[in-house]
**Q** 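Structure provided below as structure tokens; questions to follow.
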Amino acid sequence: ENGMVKMDGEILDVVNGYLTSQRDTNQYDTIGSKEIAFEDFSISTDKISLGDDLDVIFNLRFNKEIFNPFEVNVNIFDNMFNPIVHTVNTDCGKEFKRYPAGTVLPVRCRLKNVNILPGIYNIVLYVGSTSTTYQEVRFCMEFVVDQGTNMIQRLTPYPQRFSTVLKSE
């Protein structure tokens with residue numbers, strides 16, 4: 001900037017640092033009726049290594065009594081706003097049904113073994129049903145995935161019925 005070095009270091013760290021500095025991360029879009037609203041959202045860390053877990057933590061405030069089942073989504077988008085990960089509470093067997101107005105429900109979503117390419121990623125939170133968007137908070141948090149120097153390892157063993165065969169001819 002103005003002929004001066006602003007940052008020195010590894011290429012990925014410098015590029016990600018520059019891209020992050022060009023965005024106002026305290027600004028985000030929100031849409032929906034807000035009958036259910038996200039509050040106090042955060043992530044466990046703003047930098048993870050390839051294959052680490054990432055916790056997304058938030059409260060759901062019920063501003064109106066909700067009688068019908070609804071879904072909560074945690075979505076990850078890359079720096080070019082392409083969808084990368086889409087998780088829904090029903091993926092892990094959790095169902096949300098009926099909550100009275102005034103309820104504040106703490107939620108922790110653990111994304112296990114995040115194996116996505118190194119780079120900057122943004123999180124979008126969504127709560128709604130098939131007919132109603134209660135709230136969607138777009139690009140409200142961001143984190144960096146760093147490959148580091150370690151090889152990518154599978155954290156869970158292959159099921160017994162599967163095997164891996166390496167063969168050269």
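All residue numbers in this chain count up from 1 along the given sequence.
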**Q** Give a yes or no on whether Tyr126 and Phe143 share a hydrophobic cluster (residues Ile, Leu, Val, Met, Phe, Trp, Tyr; joining criterion: side-chain heavy atoms under 4.5 Å apart).
**A**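 No, separate clusters.
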**Q** Please check: side-chain N/O of Asn89 versus main-chain N/O of Lys94, any donor-acceptor pairing under 3.5 Å?
**A**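 Yes; at least one donor-acceptor contact below 3.5 Å.
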**Q** Does Thr132 use its side chain to pair, donor to acceptor, with the backbone of Ser129 at less than 3.5 Å?
**A**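 Looks like no, no N/O pair under 3.5 Å.
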**Q** Do the side chain of Asn63 and the main chain of Lys34 share a donor and acceptor less than 3.5 angstrom apart?
**A**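 Yes, Asn63 side chain to Lys34 backbone: donor-acceptor pair under 3.5 Å.
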**Q** Do the ring planes of Phe70 and Phe96 sit parallel (below 30°), tilted (30 to 60°) or perpendicular (above 60°)?
**A**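 Ring orientation, 0 to 90° scale: parallel.
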**Q** Any chance you could measure Asp40, atom CG, to Arg61, atom CZ, to the nearest 0.5 Å?
**A**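 So the gap between those two atoms works out to 9.0 Å.
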**Q** Examine distances only and state if a side-chain atom of Asp78 and a backbone atom of Met80 form a donor-acceptor pair shorter than 3.5 Å.
**A**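 Indeed, once roles are kept as given, a pair shorter than 3.5 Å links the two residues.
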**Q** Please determine whether residues Val72 and Leu105 belong to a single hydrophobic cluster, defined as Ile, Leu, Val, Met, Phe, Trp and Tyr linked transitively by side-chain heavy-atom distances below 4.5 Å.
**A**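 Linked, Val72 and Leu105 end up in one cluster.
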**Q** Whether the side chain of Thr133 engages the backbone of Gly32 through a donor-acceptor N/O pair (distance < 3.5 Å, no angle test) should be reported.
**A**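 Side chain of Thr133 to backbone of Gly32, a donor-acceptor pair under 3.5 Å: no, none is there.
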**Q** Can you tell me how far the CG atom of Asn75 sits from the CG atom of Asn122, to the nearest 0.5 Å?
**A**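 Going from CG on Asn75 over to CG on Asn122, the span is 12.0 Å.
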**Q** Fit a plane to each ring of Phe62 and Tyr99, take the angle between them on a 0 to 90° scale, and name the class: parallel (under 30°), tilted (30 to 60°) or perpendicular (over 60°).
**A**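 Taking Tyr99 first and then Phe62, their aromatic rings lie parallel (interplane angle under 30°).
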**Q** Quick check: is Leu117 connected to Leu111 through a chain of hydrophobic side chains (ILVMFWY, heavy atoms under 4.5 Å apart)?
**A**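 Yes; Leu117 is reachable from Leu111 via cluster members.
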**Q** Go through Leu60 and Phe38 one step at a time and tell me if the side chain to side chain contact (heavy atoms under 4.5 Å, CB included) criterion holds.
**A** CA-CA 5 Å; Leu60 290 175; Phe38 290 98; 3.6 Å; yes
**Q** Kindly give the heavy-atom pair with the smallest separation between Pro106 and Val104, and that separation in Å.
**A**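 In this case the closest contact between Pro106 and Val104 is CD-O, 3.5 Å.
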**Q** What's the shortest heavy-atom distance between Ile120 and Glu142, and which atoms?
**A**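 It is CG2-OE1, 4.0 Å.
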**Q** Would you say that Arg98 contacts Glu65 through its side chain, given a criterion of any heavy-atom pair below 4.5 Å between the two side chains?
**A**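 Yes; the side chains approach each other to less than 4.5 Å.
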**Q** How many angstroms lie between NZ in Lys64 and CD1 in Ile36, if you round to the nearest 0.5 Å?
**A**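 Those atoms lie 10.5 Å apart.
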**Q** Rounded at 0.5 Å granularity, tell me how far NZ in Lys97 sits from CZ in Phe67.
**A**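 Result: 15.0 Å between the selected atoms.
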**Q** If I compare all heavy atoms of Val85 with all of Thr87, which pair ends up nearest, and what's the gap?
**A**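 It is CG1-CG2, 3.8 Å.
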**Q** So which heavy atom on Val124 is nearest to which on Glu136, and how close?
**A**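 That closest heavy-atom pairing would be CG1-OE2, 3.6 Å.
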**Q** Under a single-linkage definition using a 4.5 Å side-chain heavy-atom cutoff for Ile, Leu, Val, Met, Phe, Trp and Tyr, are Ile84 and Ile48 assigned to the same hydrophobic cluster?
**A**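 Both belong to a single hydrophobic cluster.
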**Q** Between Ile123 and Tyr121, is there a shared hydrophobic cluster once you connect ILVMFWY residues whose side-chain heavy atoms come closer than 4.5 Å?
**A**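 Ile123 and Tyr121: one cluster.
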**Q** Could you state the interatomic distance from NE2 (His86) to CG (Asp91), rounded to the nearest 0.5 Å?
**A**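 Result: 7.0 Å between the selected atoms.
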**Q** Any idea which heavy atoms bring Met141 and Leu125 closest together, and the distance?
**A**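 Reported closest heavy-atom pair: CE-CD1, 4.1 Å.
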**Q** Write down the atom of Ile116, the atom of Leu50, and the distance for their closest heavy-atom approach.
**A**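 The pair with the smallest heavy-atom distance is O-CD1, 2.6 Å.
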**Q** Measuring from Asn113:CG to Asp53:CG, what's the distance to the nearest 0.5 Å?
**A**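 Those atoms lie 7.0 Å apart.
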